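These figures come from a predicted structure and were not determined experimentally. Below, chain A is the first sequence line, B the second, and so on; all start at residue 1.
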Amino acid sequence: MTQKVRTRFAPSPTGFMHVGNLRTALFEYLIAKSSGGDFVLRIEDTDQERYVEGAVEVIYNTLKQVGLKHDEGPDIGGEYGPYVQSERKGMYKQYAEQLVQEGKAYYCFCTKERLDALHESKEENGGGYDRHCRNLPKEEVEKLLAAGTPHVIRQKMPIEGSTTFNDVVYGPITIENKELEDQILLKSDGYPTYNFANVIDDHLMKITHVVRGCEYLTSTPKYNLLYEAFGWDVPTYVHLPLIMGKNEDGSVSKLSKRHGSTGFADLVADGYLPEVIVNYIALLGWCPKDNREIFTLSELAENFSIDGISKSPAVFDYDKLLWFNGEYIRAMSQEDFIGRAMPYFREVFPNGDRPWDVLASILQPRISKFTEIPEMVAFLKELPDYPADFFVNKKSKTNLENSADMLRAAIPVLEGLQSWTLDAIHDSMMNLVPQLGVKNGTLLWPVRIAAAGQVVTPGGAFEILCILGKDESLRRLNLGLKKLNA
RNA sequence: GGCUCGUUGGUCAAGCGGCUAAGACACCGGCCUCUCACGCCGGUAACGGGGGUUCGAUCCCCCCACGAGUCACCA
């Protein structure tokens with residue numbers, strides 16, 4: 001009997017979607033969708049101190065932008081709601097108390113101060129909680145409870161033996177029970193801890209595959225002990241290798257803010273396309289059988305399989321991400337490209353019409369991010385101040401003298417053009433070349449320099465003249481001529 | 001420090017006992033060319049170390065080294 005796969009993405013509303021979280025969400029989605037399963041969104045807001053206004057919207061927006069559609073969640077409901085943990089607060093207490101009654105958990109009245117002091121003296125007790133309240137006499141517990149003493153509920157962990165679980169990507173993992181401290185299930189504010197709420201919710205929501213970063217690997221036995229205490233079936237565990245960032249000194253550590261733009265929104269603001277981010281992070285820790293690299297989300301879902309998940313951590317590489325972005329841009333239809341680029345075109349040409357297709361044709365193969373556009377075409381808006389020796393180019397066989405000749409020859413020809421189209425400009429200049437008896441470059445180099453005012457330009461002389469328009473082109477060529485004559 | 005996991009070029013990675021150890025990014029050449037890109041062609045570059053097992057180890061086992069993660073009333 002194969003039950004329907006159900007995975008869940010359970011972020012905390014922190015107002016920030018880290019790419020590590022996003023990748024976890026992506027893999028959860030892919031694991032579900034690659035087998036026709038369900039992908040559930042659950043908001044884990046049990047830490048009231050870290051609650052951030054509007055953070056849930058960030059989560060919705062991010063998922064929407066990358067196309068990870070959840071089948072159940074706070075906004076769309078579902079069979080197993082509510083999907084926000086703060087709205088389930090009452091349920092956890094009941095389960096925690098059930099364990100207390102069964103003798104599998106107990107009330108702990110230790111103060112924060114005592115616990116902190118315990119931490120200081122790590123060496124003696126092994127670093128963990130000393131189970132001070134584990135065996136308090138019943139009467140004393142009743143008395144403290146009646147007095148309204150603040151308390152938490154902790155689970156009794158086995159003192160001896162070991163716990164083993166099987167992870168789909170890492171294999172069997174065993175941890176000695178003495179490493180496990182009596183974990184807190186219910187906090188003194190009545191909220192469950194992450195670990196506890198997770199288990200309860202995953203069970204109640206019938207989650208079949210628990211997918212998360214492998215920073216949770218060593219705490220998984222605690223989960224199993226909880227499932228065991230309730231007599232529930234344990235889910236399939238899929239731990240994902242960490243995404244690392246490169247530090248200044250060359251070392252690596254878990255990707256975090258100090259590594260640069262590591263939030264989804266940051267990356268988008270930097271000019272990376274949402275679909276590119278998805279494509280790239282899918283390949284961090286996962287590899288398809290055929291080694292393909294370019295995937296849409298639905299293609300990922302078709303090709304995904306858990307056995308392609310790697311065990312070793314992967315370093316987030318902005319160079320590769322940038323390459324992906326460029327590939328996606330180049331693969332766009334020109335129409336699509338123009339649509340996406342228009343806001344940036346407008347930064348340079350706020351008003352009026354321009355030959356957008358020509359502009360697109362020179363930019364599309366050259367940019368890796370749309371955000372590069374304004375700077376790249378700034379010379380079209382304003383002619384840079386440039387030195388005359390830009391006209392000198394050995395390969396094109398140009399010097400100050402013949403450059404002036406070339407401009408003198410080109411100007412009247414261009415002036416006489418009836419229509420200012422790319423073809424017309426092209427043909428007129430190419431026609432002029434044999435008349436002058438020079439090589440293409442000898443004519444085109446000075447024309448391009450005069451038109452652009454810089455040595456390196458996107459596109460060639462024809463495109464630049466075309467985009468500039470007739471008046472501006474002629475103005476610039478005459479200016480160039482003047483510069484050469486001076 | 002204890003525990004857990006990991007270790008193939010600078011990076012992502014294929015490999016799952018026998019291969020000249022793929023591919024991609026980056027880098028370096030070349031071609032194309034009015035510059036720069038794109039595109040195409042080519043190149044540099046890797047199995048952390050030591051023991052086993054085996055006819056034979058990148059691949060299986062052990063030890064070491066290194067790296068990372070984790071040890072909260074945070075998730």
Quiz item: To the nearest Å, how far apart are Ile173(A) CD1 and G6(B) C1'?
Solution: 11 Å

Quiz item: Between the base of A22(B) and the side chain of Asn291(A), is there a donor-acceptor distance below 3.5 Å?
Solution: yes

Practice problem: Could you check Lys156(A) against Asp182(A) for salt bridge (charged side-chain N to carboxylate O under 4.0 Å, His left out), going step by step and ending with a plain yes or no? | Solution: CA-CA 5 Å; Lys156(A) 285 185 188 171; Asp182(A) 285 356; over 6 Å; no

Exercise. For the residue pair Tyr83(A) and Asp201(A), confirm or rule out a side-chain donor-acceptor distance under 3.5 Å.
Key: no

Quiz prompt | Protein-nucleotide distance (Asp317(A), atom CG; A24(B), atom P), rounded to Å | solution = 15 Å

Practice problem: Remember a base hit wins even if backbone is also touched, and classify Val447(A) as base, sugar-phosphate or nothing at under 4.0 Å, heavy atoms. | Solution: nothing

Quiz item: Which whole number of Å gives the distance between the P atom of C55(B) and that of G1(B)?
Solution: 41 Å

Quiz item: Below 3.5 Å, does any donor atom in the side chain of Lys320(A) face an acceptor in the base of A26(B), or the other way round?
Solution: no

Quiz item: Are Asn399(A) and Phe391(A) side-chain neighbours, meaning at least one heavy-atom pair lies under 4.5 Å?
Solution: no

Exercise. Give every residue pair that meets the side chain to side chain donor-acceptor pair (under 3.5 Å) criterion with at least one member in residues 184-196 of chain A, sequence neighbours excluded.
Key: Gln48(A)-Asp189(A), Asn195(A)-Tyr223(A)

Quiz item: When the distance from CG of Asp201(A) to P of A75(B) is rounded to whole Å, what number comes out?
Solution: 13 Å

Self-check item: Nucleotide-resolved protein contact map, nucleotides 33-41 of chain B, B/S/- at heavy-atom distance under 4.0 Å
Solution: BBBBBSS--

Exercise. Measure the shortest side-chain to side-chain distance between Trp286(A) and Ser310(A) over non-hydrogen atoms and say whether it is less than 4.5 angstrom.
Key: no

Quiz item: Whole-Å distance between A75(B) P and Ile184(A) CD1?
Solution: 11 Å

Quiz item: Hey, does Ser12(A) reach any base, or is it just sugar-phosphate, or nothing, if we go heavy atoms under 4.0 Å?
Solution: sugar-phosphate

Quiz prompt | Nearest-angstrom distance from the residue atom CG of Leu217(A) to P of G6(B) | solution = 9 Å

Quiz item: Is it the case that Asn224(A) and Tyr237(A) place a side-chain donor and acceptor less than 3.5 Å from each other?
Solution: yes

